Asks: 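Supplied in structure tokens, the structure appears directly below.
Side chains included, hydrogens not; waters and symmetry mates left out as well; all remaining heavy atoms used. Because the structure is a prediction, the values reported are computed rather than measured.
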Amino acid sequence: GAFFLDRNKDLTSLSRVALVELDNTSAYPRVSEEISHALYLEIQKQQLFGLTLVQQDDPAWKSLQENFDTLQAMRQLVVLRETLRSNGLLLGTVTQYQPYPHMVIGLRLKLLDLTDGQLIWASEQIWDSTDRNIQRRIRRYHRSQLRSGSAPLNEELAIVSSLNFCKFVAYEVAATLQPPRER
């Protein structure tokens, strides 16, 4: 997958990260909630840091989606750290979503260190259920994560169920938070 991980930063030093429910540029508004919750659960399994979910109905959500590359945003880092009680901010966008004729999810994500404003991790990718490589990874995911007796059925569900496909995508995204030597 396409991702960046700053090897000079220790993600465990963040101690707590605020995951901002993903913004959504697709025509399906509910998918951002589904993928955000799936990411929340999968990232927690990595046990790198504590995680807080900032949902879209939270008054802080809109301001957290704004561009963090500006000088004004850099001044807000201290305020954000105190408000969110977090040292990191994970935010992003569902760039594409298509439930039929086949499942497609596109994500753009970034993790910022709120102590210095530096980008620690970023990922941008599209998962298309018709891609043979994705289908292979779904089979591998189900063999490693779920009960072996129901794997063929679950593999099919991942391709047609948005919730199951979101879980698979979240699993893959969370795996990129670990340096390759520790996976």
Side-chain angles (χ1 to χ4, degrees), residues 1-14 17-53 88 90-112 119-183:
F3 71 95
F4 161 78
L5 178 62
D6 185 344
R7 298 189 191 286
N8 297 320
K9 291 264 188 177
D10 178 14
L11 293 181
T12 60
S13 69
L14 293 175
V17 171
L19 168 60
V20 180
E21 186 175 322
L22 302 183
D23 198 4
N24 189 348
T25 59
S26 81
Y28 298 88
R30 286 198 39 90
V31 73
S32 59
E33 183 180 347
E34 285 180 12
I35 192 69
S36 296
H37 285 283
L39 281 169
Y40 178 77
L41 294 173
E42 285 299 326
I43 292 170
Q44 279 187 324
K45 290 178 187 176
Q46 296 292 324
Q47 297 181 341
L48 293 168
F49 40 72
L51 205 55
T52 303
L53 181 61
L90 176 55
L91 65 160
T93 304
V94 176
T95 58
Q96 185 176 352
Y97 177 70
Q98 173 184 306
Y100 55 86
H102 59 276
M103 199 69 66
V104 176
I105 294 179
L107 298 178
R108 182 181 309 119
L109 304 162
K110 63 183 173 181
L111 174 60
L112 302 171
L119 179 68
I120 301 173
W121 170 88
S123 176
E124 185 166 357
Q125 189 170 336
I126 295 175
W127 289 262
D128 184 332
S129 65
T130 61
D131 183 305
R132 290 191 191 278
N133 187 32
I134 296 290
Q135 291 171 357
R136 242 186 333 272
R137 291 177 359 219
I138 288 171
R139 281 192 296 276
R140 206 173 322 136
Y141 161 71
H142 282 286
R143 274 190 231 115
S144 69
Q145 298 298 308
L146 303 171
R147 286 175 267 139
S148 58
S150 60
L153 177 61
N154 285 328
E155 290 168 21
E156 291 300 317
L157 278 175
I159 294 173
V160 296
S161 161
S162 67
L163 188 57
N164 286 323
F165 198 67
C166 284
K167 288 178 182 179
F168 161 71
V169 168
Y171 170 81
E172 288 213 321
V173 168
T176 66
L177 289 167
Q178 294 280 356
R181 64 187 177 278
E182 295 177 12
R183 277 193 216 159

Asks: Between L5 and L11, is there a side-chain heavy-atom distance shorter than 4.5 Å?
Replies: yes

Asks: Atom CD1 of I43 and atom CG of L90: how far apart are they, to the nearest 0.5 Å?
Replies: 5.0 Å

Asks: Shortest non-hydrogen contact from L22 to S36?
Replies: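 Closest approach of L22 to S36, heavy atoms only: N-OG, 2.9 Å.
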
Asks: Taking Q98 for the side chain and H102 for the main chain, is one N or O donor matched with an acceptor at less than 3.5 Å?
Replies: yes

Asks: To the nearest 0.5 Å, tell me how far L53 CG sits from E33 CD.
Replies: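 Result: 9.0 Å between the selected atoms.
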
Asks: What is the distance from atom OH of Y40 to atom CG of L51, rounded to the nearest 0.5 Å?
Replies: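 The CG atom of L51 is 6.0 Å from OH of Y40, to the nearest 0.5 Å.
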
Asks: To the nearest 0.5 Å, what is the distance between CD1 (I35) and CG (N24)?
Replies: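 Interatomic distance, I35 CD1 to N24 CG, rounded to 0.5 Å: 11.0 Å.
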
Asks: Which word best sums up how the rings of Y141 and Y171 line up, parallel for under 30°, tilted for 30 to 60°, or perpendicular for over 60°?
Replies: tilted

Asks: Does S129 use its side chain to pair, donor to acceptor, with the backbone of M103 at less than 3.5 Å?
Replies: yes

Asks: Working to the nearest 0.5 Å, report the span between CD of E172 and CD1 of I138.
Replies: 8.0 Å

Asks: Given the rule in the side-chain contact (heavy atoms from CB on, under 4.5 Å) test, do Q125 and V173 qualify, once you have shown the distances and angles that lead to the verdict?
Replies: CA-CA 9 Å; Q125 189 170 336; V173 168; over 6 Å; no

Asks: What is the minimum heavy-atom distance between S32 and P29, and which atoms define it?
Replies: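 In this case the closest contact between S32 and P29 is OG-O, 3.1 Å.
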
Asks: Looking at side-chain heavy atoms only, is the closest gap between Y28 and S162 below 4.5 Å?
Replies: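 No, side chains not in contact.
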
Asks: Between T93 (side chain) and L109 (backbone), is there a donor-acceptor pair under 3.5 Å?
Replies: no

Asks: Could you give me the CA-CA distance, side-chain angles and deciding distance for I105 and C166, then say whether side-chain contact (heavy atoms from CB on, under 4.5 Å) is met?
Replies: CA-CA 8 Å; I105 294 179; C166 284; 3.7 Å; yes

Asks: Measuring only between side-chain heavy atoms, which start at C-beta, is L111 closer than 4.5 Å to L119?
Replies: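 In short, these two side chains do not touch, never coming nearer than 4.5 Å.
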
Asks: If you round to the nearest 0.5 Å, how far is CZ of F49 from CD of Q44?
Replies: 10.0 Å

Asks: Is L107 close to T95 at the side-chain level, that is, under 4.5 Å between some pair of heavy atoms?
Replies: no

Asks: Take K167 and E42 through the test side-chain contact (heavy atoms from CB on, under 4.5 Å) and record every step on the way to the result.
Replies: CA-CA 8 Å; K167 288 178 182 179; E42 285 299 326; 5.6 Å; no

